[in-house]
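Contents: one structure, followed by commentary.
When a residue number appears, it is its place in the shown sequence, counting from 1.
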Amino acid sequence: MDKRDAEIIVRLAKEGKQISKIWEEDFPEYDYLDIYWEVYGAGKRSALGTKRMIINRLHKLTTVPKREQYEPTENLFFRSQHD
């Protein structure tokens, strides 16, 4: 895979295009795994991966009791005042 194709693949993933769609629509000449490793090997999250991470964190917050939701922020607030 040449550098230009790799950059396009990473850009498409950042814009939110699924790896399977990049493979099928834009780069069918490469193997799926080649595209997958290019996206994740670049050390960048795809837009879809970032969205899933945020959604999972929000879901976790809604399942945590209210008191526990505020503890980490209170600790940060009090530490910054006393440091």
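Ion pairing between Glu15 and Arg11 holds under the 4.0 Å rule for side-chain N and carboxylate O.
Taken to the nearest 0.5 Å, the CD1 atom of Ile9 stands 14.5 Å off from the OH atom of Tyr36. To the nearest 0.5 angstrom, Trp37 atom CH2 is 11.0 Å from Tyr32 atom OH. Here the CD atom belonging to Glu29 is positioned 10.0 Å from the CG atom belonging to Asp34, to the nearest 0.5 angstrom. Between Leu12 atom CG and Ile22 atom CD1 the span is 5.0 Å, to the nearest 0.5 Å. For the atom pair CG (Leu33) and CD1 (Ile19), the distance works out to 9.5 Å, reported to the nearest 0.5 Å.
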Verdict with supporting geometry, Ile8 and Asp26, side chain to side chain contact (heavy atoms under 4.5 Å, CB included): CA-CA 10 Å; Ile8 293 170; Asp26 301 304; over 6 Å; no

Step-by-step side chain to side chain contact (heavy atoms under 4.5 Å, CB included) determination, Trp23 to Lys21: CA-CA 5 Å; Trp23 175 51; Lys21 296 291 184 193; over 6 Å; no

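Partners of Tyr30 by side-chain hydrogen bond (donor to acceptor under 3.5 Å, both in side chains), not counting sequence neighbours, listed by chain and number: Asp5. Listed by chain and number, the residues in a side-chain hydrogen bond (donor to acceptor under 3.5 Å, both in side chains) with Glu25 are Lys17 (sequence neighbours excluded).
Closest non-hydrogen pair, Ala6 versus Glu38, comes out as CB-OE2, 3.3 Å. For the residue pair Val39 and Val10, the shortest heavy atom distance occurs at CA-CG2, 4.5 Å.
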